[in-house]
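Data first, discussion second: the structure below is written as structure tokens.
Chain identifiers are assigned alphabetically (A, B, ...) following the order of the sequence lines, protein sequences preceding nucleic acid strands; residue numbering begins at 1 within each chain. Everything numeric here is computed off the predicted structure, so don't read it as measured data.
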There are 2 protein chains.
Amino acid sequence: MTFTMRSSPGYLVNHLGRLFAAELQARIRPLGLSVGVFPLMLQLWERDGLTQRELVDRLGLEQATVANTLSRMARDGLIVRRGDPHDGRIARSWLTERGRALRAPAVAAAEEVNAAALSGLSERERDAFVQLMQKTIAQFEGNAAG
Amino acid sequence: MTFTMRSSPGYLVNHLGRLFAAELQARIRPLGLSVGVFPLMLQLWERDGLTQRELVDRLGLEQATVANTLSRMARDGLIVRRGDPHDGRIARSWLTERGRALRAPAVAAAEEVNAAALSGLSERERDAFVQLMQKTIAQFEGNAAG
DNA sequence: TGCCACTCAATAGCGTGCTATGCAAGTCAC
DNA sequence: GTGACTTGCATAGCACGCTATTGAGTGGCA
């Protein structure tokens, strides 16, 4: 059994990830969003005023990555960062009006991308696909920490 | 049906891609390789002396990405680039001895990552997973060009 | 022959991820 | 209360992907 890219799960998942990201990028760019900020926005739309640490824990990104992304988001007027009155180390991120207003169109865009990408699969296959990914992610995160 | 990250194929595939990449990175770093060069090395191990254009076509990356990656590979002594004697525009990439020697351990590392990642799935599930990814990739590439 | 269009590759500039490091603020031991 | 540890965030520097632009070489055609 020789190793080939086209049958390597690692390669396939990365390649597919790029395709998804490019498609989403194209659809949310007109809104002034980009793929990197999207997961952060999802969290903040859910609940405002999170700390950087909380975002790191929820998203599985590194602290430095979140710090950089928040900086861009602040620069682009999606959020404002304000210190916590009780703990001087903490900076909480709050959506601006503009950031808040993007929720519906952005989520719609993401749903469109998902639907288009999986349009060649049956309902059953789609569910299986999602479950296989969740299971594999759990496998990774079950090992070394999370 | 509300939108959630944990059930969004796009988010899952990207998250899983990062996990795979991190795991592979950790295993091939001791060899002096990184995840970005890996697909290019696979092509060159298969056949030496490819042009940048040929690599772009085989890998579905942008020309600029391949150019940058080849530069790093040359800097790190994995390849040498030599012009084509018949066409002055073309630069072909040739593996160095060192680059050539890394094939076996690098492929072994990738196979280990795949095996570890999918160790929680049955044989049947693994096959289904790979097929679902191939099918979804084909769906994407079937649309706008390839 | 001389020009134009095309192709190939390099480069600039940026987003998004990482590791490593530093600093300021809080906390705990004593 | 002081010193040491911990926690939260920022920054530097790099890999790796992208778009856009540039420049050099080829080839066709008037």
Side-chain angles (χ1 to χ4, degrees), chain A residues 11 14-26 28-29 32-41 49-76 78-79 81-93, chain B residues 10-11 13-26 28-29 32-41 49-57 59-76 78-79 81-93 144:
Chain A
Y11 177 78
N14 269 284
H15 187 45
L16 188 53
R18 282 214 319 282
L19 294 172
F20 265 99
E23 189 65 30
L24 183 62
Q25 181 76 282
I28 63 179
R29 185 183 179 147
L33 294 175
S34 61
V35 296
V37 314
F38 201 95
L40 291 145
M41 291 300 282
L50 295 174
T51 69
Q52 209 178 96
R53 178 81 210 148
E54 288 167 334
L55 287 165
V56 165
D57 291 341
R58 281 165 167 72
L59 296 172
L61 296 170
E62 290 302 316
Q63 176 266 323
T65 299
V66 171
N68 280 332
T69 305
L70 287 175
S71 290
R72 270 181 279 120
M73 290 164 72
R75 178 201 65 188
D76 297 341
L78 297 169
I79 59 165
R81 284 190 278 187
R82 276 199 285 271
D84 185 285
H86 304 304
D87 188 335
R89 295 167 299 180
I90 291 177
R92 300 187 178 274
S93 294
Chain B
Y11 176 78
V13 87
N14 269 283
H15 187 45
L16 187 52
R18 282 214 318 282
L19 295 172
F20 264 100
E23 188 65 32
L24 183 62
Q25 182 76 284
I28 62 180
R29 185 184 179 145
L33 293 176
S34 61
V35 296
V37 314
F38 200 96
L40 296 168
M41 292 299 283
L50 295 175
T51 69
Q52 208 178 99
R53 179 82 209 144
E54 288 168 335
L55 287 165
V56 165
D57 291 341
L59 296 172
L61 296 170
E62 290 302 316
Q63 175 266 322
T65 300
V66 171
N68 281 332
T69 305
L70 287 174
S71 290
R72 271 181 278 121
M73 289 165 71
R75 178 201 66 189
D76 297 341
L78 298 170
I79 58 165
R81 284 191 279 188
R82 276 199 284 273
D84 186 287
H86 304 305
D87 188 336
R89 296 167 298 181
I90 290 176
R92 299 186 178 275
S93 295

Atom [atom1] of [X] and atom [atom2] of [N]: how far apart are they, to the nearest Å?
X: B:L70; N: C:dA10; atom1: CG; atom2: C1'; result: 12 Å
X: A:H15; N: D:dG17; atom1: NE2; atom2: C1'; result: 13 Å
X: A:L16; N: D:dG17; atom1: CG; atom2: C1'; result: 16 Å
X: A:E62; N: C:dT21; atom1: CD; atom2: P; result: 15 Å
X: A:L50; N: D:dG8; atom1: CG; atom2: C1'; result: 15 Å
X: B:Q63; N: D:dT22; atom1: CD; atom2: P; result: 15 Å
X: A:D57; N: D:dT7; atom1: CG; atom2: P; result: 12 Å
X: B:M73; N: D:dC14; atom1: CE; atom2: C1'; result: 18 Å

When all nucleic acid strands are considered with a 4.0 Å heavy-atom cut-off, which category describes [X]: base, sugar-phosphate, or nothing?
X: B:T51; result: sugar-phosphate
X: A:A22; result: nothing
X: B:A21; result: nothing
X: A:R92; result: nothing
X: A:T65; result: base
X: B:R82; result: nothing
X: B:V35; result: sugar-phosphate

#### Entry: Any side-chain heavy-atom pair of A:V56 and A:R53 under 4.5 Å
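Yes, close enough: below the 4.5 Å cut-off.
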#### Entry: Nearest heavy atoms of A:R81 and A:S93, plus distance in Å
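That would be CG-OG, 3.6 Å.
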### Query
Nearest heavy-atom pair of A:Y11 and B:L59: which atoms, and what distance?
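Scanning both residues, the minimum pair turns out to be OH-O, 3.7 Å.
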### Message
Can you work out whether A:H86 or A:N68 has the more 5'-proximal nearest nucleotide on DNA chain C?
### Response
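Going by which nucleotide is closer to the 5' end, it is A:N68.
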Under 4.0 Å between a side-chain N or O of [X] and OP1 or OP2 of [N]?
X: A:Q52; N: D:dA10; result: yes
X: A:R81; N: D:dA10; result: yes
X: A:R75; N: C:dG15; result: yes

Go through [options] for me and flag the one nearest to the [X] side chain.
X: A:R89; options: C:dG26, D:dC18, C:dA9; value: C:dG26
X: A:D87; options: C:dG17, D:dG8, C:dG26; value: C:dG26
X: A:T69; options: D:dA10, C:dG17, C:dT11; value: C:dG17
X: B:L61; options: D:dC9, D:dG17, C:dA9; value: D:dG17
X: A:S34; options: C:dG15, D:dA15, D:dT11; value: C:dG15
X: B:R18; options: C:dG17, D:dT11, D:dT19; value: C:dG17

### Query
Atom CG in B:D87, atom CZ in B:R92: separation rounded to 0.5 Å?
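Going from CG on B:D87 over to CZ on B:R92, the span is 8.5 Å.
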### Query
Rounded to the nearest 0.5 Å, how far does OG1 of B:T65 lie from CG of B:L55?
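The distance works out to 12.0 Å.
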### Message
Quick check on B:R29: does its CZ atom have over 12 non-hydrogen neighbours (other residues, nucleotides or ligands) under 6.0 Å away?
### Response
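Not more than 12 within 6.0 Å, no.
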